[in-house]
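Before any comments, here is the structure.
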There are 2 protein chains.
Amino acid sequence: MDTLISSVKIAINPQLYLKDPESSELGINIVHNGIDLIKEIGFEEFTFRKLGLQIHSPEASIYRYFESKHKFLLYLNAWYWGWMEYQLLLAISNVSSADKRLEKSVFLMTEGVQNDPNFQGIDIVKMQEIVVAEASKSFLNKQVDQANQDGAYLSYKQFVAKVANIIKEINPQYKYPIMLVTTVIEGAHQQRFFAEHLPRLTNKQNKPHYLSKFYMDLVFKTIKPV
Amino acid sequence: MDTLISSVKIAINPQLYLKDPESSELGINIVHNGIDLIKEIGFEEFTFRKLGLQIHSPEASIYRYFESKHKFLLYLNAWYWGWMEYQLLLAISNVSSADKRLEKSVFLMTEGVQNDPNFQGIDIVKMQEIVVAEASKSFLNKQVDQANQDGAYLSYKQFVAKVANIIKEINPQYKYPIMLVTTVIEGAHQQRFFAEHLPRLTNKQNKPHYLSKFYMDLVFKTIKPV
DNA sequence: GCAAATTTAATAGTATTACTATCAACTTTG
DNA sequence: CAAAGTTGATAGTAATACTATTAAATTTGC
């Protein structure tokens with residue numbers, strides 16, 4: 001039975017799962033409720049046993065889809081960045097001005113997302129909150145090199161490369177386009193987290209879009225040739 | 001017996017330990033070898049049992065100094081930022097030009113440190129590598145609010161505030177000095193990590209100080225009034 | 001429409017982790 | 001030199017991150 005609502009599907013590197021979770025009811029349930037549970041209790045407290053209890057399936061069943069909870073996090077990350085790449089394509093297609101394209105990219109990287117009806121079921125808002133709070137754990141560990149070889153970060157790298165290319169279009173002389181992009185992405189995540197938990201480490205403002213304004217200003221000033 | 005070599009001591013919030021590790025041979029051993037072991041196997045693999053084996057002391061003895069391995073990481077972080085604040089004071093004292101002071105601050109935030117003979121025994125190079133790789137784990141979790149109340153991040157906040165004040169001195173109109181500082185600090189950490197493990201997420205260059213050059217350029221362009 | 005293959009549920013088991021508890025031996029200090 | 005404090009040695013516990021096994025349910029291919 002076909003459960004797809006739209007014809008768009010985020011392609012995920014099969015090395016990140018044992019059995020495609022989109023191929024069965026249980027798999028979809030695992031991803032769904034997994035997102036909810038990680039959001040609720042945090043990744044360190046999250047276990048497949050707890051997730052099993054929530055979906056009334058034994059722990060062992062979940063292990064048939066994902067090798068470990070770490071790989072599950074990598075899967076969610078890859079999904080998120082796949083989706084972000086798709087959003088980027090939508091946002092910049094048919095926009096001829098490179099400046100405008102970069103503007104839209106920075107906005108996408110720094111603002112909170114909105115739920116997308118094309119991927120009903122996956123709560124993208126929650127997913128982004130997870131990525132903001134937990135993503136760095138997906139690479140800041142000793143298995144990073146193995147995960148990297150497994151292609152865990154491909155979609156992230158692709159996204160970054162696309163935006164970096166726009167920067168190069170605007171200023172081919174600028175030497176650090178990739179660094180600038182990852183600085184913005186990871187920075188925006190941190191600031192978002194700080195605003196909620198460690199306000200003295202940020203400049204939270206009530207103005208809408210203050211975060212994207214800060215980074216927009218930073219990016220355009222930085223790449224401007226002297 | 002007095003084991004201090006210099007009269008300078010980094011003050012750490014006592015809430016981060018049960019018994020001051022600088023007050024005994026064993027305590028000093030724990031911190032020393034703890035740094036080595038975390039550096040070697042990473043924070044997730046690190047356990048007090050393994051550390052106990054390394055220093056030939058029972059696990060339970062270590063628990064008399066630190067409540068948990070999480071608090072141990074918070075302690076190391078606090079120590080690092082206390083030391084960084086001290087380095088900052090040394091670097092900017094007697095420098096009257098605010099621009100020059102900011103330049104020195106950015107350099108300190110983005111370059112690798114060198115071992116400091118005033119704190120013999122503590123390997124600051126290794127400590128920085130730990131902070132770069134593991135620090136975000138010290139706040140990216142559900143206990144962050146508790147840890148924050150315990151004053152775990154005070155020395156970090158103080159450091160950030162000091163640099164932000166220099167920015168305000170240069171451009172009182174600039175609205176996001178703190179955000180800019182934390183973006184630089186956390187960004188530099190990430191880039192350093194990426195350069196080693198995920199090179200496609202950065203623009204590694206062979207030039208010395210390319211990292212500080214990138215951030216120096218970014219900071220000064222960003223705060224320049226339009 | 002039914003046998004074969006696949007998927008899931010249910011249960012049990014293992015090594016390790018992150019601690020806590022207890023008590024004797026040793027050291028320091030007043 | 002006694003009392004107080006520190007360390008060592010050992011043991012124990014609940015939970016985690018898995019693996020293994022087998023039976024029941026479901027899907028599929030002809």
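These numbers come from the heavy atoms of this one structure, side chains and all, not from hydrogens, waters or symmetry mates. First the proteins, then the strands, lettered A, B, ... as listed; each starts at 1.
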### Message
By nearest heavy atom, map A/Thr47 and B/Ser57 onto DNA chain D; which one lands nearer the 5' end?
### Response
B/Ser57
### Query
How long is the line joining OH of A/Tyr63 and C1' of D/dC18, in whole Å?
5 Å
### Task
In plain terms, say whether B/Asp150 and B/Lys71 are close enough for a salt bridge, that is, a side-chain N and a carboxylate O under 4.0 Å apart.
yes
### Task
Begin with the C-alpha distance, continue with both residues' side-chain angles, and end with the deciding distance and a verdict on side chain to side chain donor-acceptor pair (under 3.5 Å) for B/Asn148 and B/Lys157.
CA-CA 11 Å; B/Asn148 191 28; B/Lys157 288 175 189 171; 2.7 Å; yes
### Query
Side chains of A/Phe48 and A/Lys69: does their closest heavy-atom pair fall under 4.5 Å?
yes
### Task
State whether A/Ser24 places a side-chain N or O below 4.0 Å from either non-bridging phosphate oxygen (OP1 or OP2) of C/dT8.
yes
### Task
Please state how far atom CD in A/Glu44 lies from atom P in C/dT17, giving the value in whole angstrom units.
17 Å
### Message
From C-beta outward on A/Glu59, which listed nucleotide comes closest to its side chain: C/dA9, D/dC18, D/dT10?
### Response
D/dC18
### Task
Mind checking B/Arg64 for me? I need base, sugar-phosphate or nothing, with any heavy atom below 4.0 Å counting as a touch.
base
## Note on the structure
B/Arg49 atom CZ is separated from D/dG8 atom P, nearest whole Å, by 16 Å
### Query
Is the base of C/dC19 touched by the side chain of B/Glu67 through a donor-acceptor pair closer than 3.5 angstrom?
no
### Query
Within the structure, does a side-chain N or O atom of B/Tyr65 lie under 4.0 Å from either OP1 or OP2 of D/dT7?
yes
## Note on the structure
In whole angstroms, the gap separating P of C/dT7 from CG of A/Leu26 amounts to 11 Å
### Task
Round to the nearest Å and state the distance from B/His70 atom NE2 to C/dT17 atom C1'.
16 Å
### Query
Under 4.0 Å: is that the gap between some side-chain N or O of A/Ser61 and OP1 or OP2 of C/dA9?
yes
### Task
Would you kindly say whether B/Tyr80 and B/Ser155 are connected by a side-chain donor-acceptor distance under 3.5 Å?
no
### Presence of salt bridge, B/Glu45 and B/Lys50, under 4.0 angstrom
yes
### Query
Nearest-Å distance, NZ (B/Lys50) to P (C/dA18)?
9 Å
### Query
C/dA18 P sits how many Å from B/Phe66 CZ, rounded?
16 Å
### Message
Can you measure B/Phe46 atom CZ to C/dC19 atom C1' for me and round it to whole angstrom units?
### Response
14 Å
